[in-house]
Amino acid sequence: MKFYNTLHRKKEDFQPLEKGKVTLYTCGPTVYDYAHIGNFRAYIFEDLLRRYLEFSGYDVLQIMNITDIDDKTIRRSIEEKLSLENFTDKYTASFFEDVETLQILPAHHYPRATEFIPQMIETIQQLEDKGFTYTTEDGSVFFKISQFSDYGKLANLNPDQLKSGDRVEDDEYGKEEGRDFALWKGYKAQDGDVGWDSPWGKGRPGWHIECSVMSTHYLSNHFDIHCGGVDNIFPHHENEIAQSCAASGEAFVNYWLHNEHLLVDGQKMSKSMGNFYTLRDLLEKGCSPEALRYTLISTHYRSKLNFTFEKVKAAQKCINRLRELKRRLKKINNEEAEVLSAETESMLSKFSAKLGDDLNISGALGELFIWVNYLFAELDNDKLDCCSANGALSALRKIDSVLGVIECENLEVDDNIQELIIEREKARSDKDWDKADKVRGQLDELGIVIDDTPEGTVWKRK
RNA sequence: GGCGUCGUGGCCAAGUGGUAAGGCAGCAGUCUGCAAAAUUGCUAUGCACCAGUUCGAAUCUGGUCGACGCCUCCA
């Protein structure tokens, strides 16, 4: 199994620190708004990684942070006249709802930044004791990059060439050098009633320290994998490395995995362009959660993903095909023993091998569909015995433990749809084809496709 | 300016030296009350362009063109 490690800009064999176990930290949401599908691309990539590691037999411990204290959460909570806690609780809850909707496996812990203020202060104190910091007049504490010789290794930037000033208008916190970053931000009036006491006065933690403290709290100073979006490589992850290594004196993370961004119609998603989608927006537009999941999962994580509704539609068709296969396989006697045919075993091993090559999902799906095509042909020719069918069903379940798109049929049949189907069945048995077709048209408008099989009518999403 | 990614059929996309996986869309046949689904057949002499290495290149080397990202708090 190998992954592309941003730290060395190449694929590397994956060797966990402890045999059979993986410690995984995945950068989570800043809860100041509903997450958009670009955010979810990251979480779904991380979910695929987690599921594949578990599929491969690893015992994974995953931590995801919830950033509930930063400029945006403070500003927005004040705008909405809510306490920071009430404000962030709302969006944290909506995040968890979305995670569930998308069948993302929950992390084992979701630490919130506000729950770790004492630990952050402690770490900043350590850094201060070791001479990595300086304090400014307003009670802010900065990390002094010039003290950390490895700075820039992850982002492949030369720290001496980091321009100071270009994009940093505010030295409101009074740093010595533009490239230094805040560990602790002294209290300012615009922070409202948000602030904690510290050895440096009232204030709040910087963003980067949060991840350093919470990751090592659960996973120890040195752990296996840290994920996030490419935009986090610099400065966020670079700063995390500096803080963590400086504080502990130990190595921090062995493998850094970063996902590329999602584009909408070839362009960056933005509210002003009107191409900004939250999960809720897309569900309202009639996309199914599993089609969205498939869409987000089926492009390699290090490639840019251009989100289009054509892709969602294609994804839905792929899922329908897998579900249809499952339905047909289930029709064959289910009580007998399971036999993995040579084709099925071959598919499983190739599927796994492709994913083992830096999560080559397209290659893996290619192998899956070769097998799917083969099975449909066997089914059509009545060549599949029940034991092989059971084996195939079992393989399908294994595959879905990684993909998470087949079983999650949250097809609660809406009564209206159910009634229409029954109405059409009756018309058909009366050979009232006009009426049957009319009802089918109505269902079509509801996004439902009818499939008359020898065992009765089956329906699915368009 | 520095660092980095990418360019494969109508669309998406795998393939890192041995002669183009897979999905979607499309066309035709079988099946069906008609559909849908499934199935069968068809759809890239070519992988941005040029030159080179090689018996052989989408894959390696050099160059050209084009798209994009990051360079301080955005997944």
With a 4.0 Å cut-off on N to O distance, would you call [X] and [Y] a salt bridge?
| X | Y | answer |
| --- | --- | --- |
| Arg204(A) | Asp191(A) | yes |
| Arg328(A) | Asp380(A) | yes |
| Asp138(A) | Lys185(A) | no |
| Arg41(A) | Glu260(A) | no |
| Glu407(A) | Lys326(A) | yes |
| Lys426(A) | Asp430(A) | yes |
| Arg440(A) | Asp437(A) | yes |
| Arg424(A) | Asp452(A) | yes |

Qualifying ring-ring contact (aromatic ring centres under 6.0 Å, His included) pairs, either residue in residues 303-330 of chain A, two or more places apart: Tyr277(A)-Phe309(A), Phe307(A)-Phe309(A)

When you measure from the side chain of [X], which nucleotide among [options] comes out closest?
| X | options | value |
| --- | --- | --- |
| Arg424(A) | G15(B), A75(B), G33(B) | G33(B) |
| Lys72(A) | A13(B), G22(B), C74(B) | C74(B) |
| Phe369(A) | U40(B), A75(B), G22(B) | G22(B) |
| Asp357(A) | A37(B), A75(B), G15(B) | G15(B) |
| Asn39(A) | A37(B), A75(B), G23(B) | A75(B) |
| Lys185(A) | C73(B), A13(B), A38(B) | C73(B) |
| Val449(A) | A75(B), U40(B), A36(B) | A36(B) |
| His300(A) | A37(B), C70(B), A14(B) | A14(B) |

5' priority, RNA chain B, between Tyr294(A) and Asp180(A) [closest heavy atom]: Tyr294(A)

Closest-nucleotide 5' rank along RNA chain B - winner of Lys11(A) and Leu365(A): Lys11(A)

Parallel, tilted or perpendicular: ring planes of His36(A) versus Phe276(A), cut at 30 and 60 degrees: perpendicular

Parallel, tilted or perpendicular, as decided by the 30° and 60° cut-offs, for the rings of Phe45(A) and Tyr301(A): parallel

Test applied, ring pair (Phe, Tyr, Trp, His ring centres under 6.0 Å); reference residue, Tyr110(A); option that passes from Tyr25(A), Phe96(A), Phe116(A): Phe96(A)

Taking only N/O atoms, report every protein-nucleotides 4-9 of chain B pair under 3.5 Å with atom names and distance.
unit_1 : atom_1 : unit_2    : atom_2 : d
G4(B)  : OP1    : Asn156(A) : ND2    : 3.4

Could you write out each protein N or O paired with an N or O of nucleotides 24-26 of chain B at a distance under 3.5 Å?
unit_1 : atom_1 : unit_2    : atom_2 : d
A25(B) : OP1    : Lys317(A) : NZ     : 2.7

Phosphate OP1/OP2 of G15(B): any Asn360(A) side-chain N/O under 4.0 Å: yes

Sugar-phosphate, base or nothing in reach of Asn239(A), heavy atoms under 4.0 Å: nothing

Touch class at under 4.0 angstrom, heavy-atom based, for Gly366(A) against every strand present: base

Quiz item: cation-pi between Lys72(A) and Tyr32(A), 6.0 Å / 45°: yes

Between C74(B) (C1') and His208(A) (NE2): distance, integer Å: 12 Å

Pairwise C1' distance for A57(B) and G17(B), with rounding to whole Å: 6 Å

A35(B) and A44(B), which share atom name P, separated by this distance in whole Å: 28 Å

Donor-acceptor pair under 3.5 Å, Asp452(A) side chain vs C34(B) base: yes

Sequence-distant partners of Asp358(A), salt bridge (Lys or Arg N to Asp or Glu O under 4.0 Å), two or more places apart: Arg302(A)

Per-nucleotide pairing state of RNA chain B [Watson-Crick or G-U, under 3.5 Å; [ ] pseudoknot-crossing; | other strand]: ((((((((.[[[..)..(...]]].(((((.......))))).....[[[[[..)....]]]]])))))))....

Selection: residues 427-441 of chain A, any non-hydrogen atom under 4.0 Å of RNA chain B: Arg428(A), Trp433(A), Asp437(A), Arg440(A)

His226(A)/Tyr255(A) aromatic ring centres below 6.0 Å: no

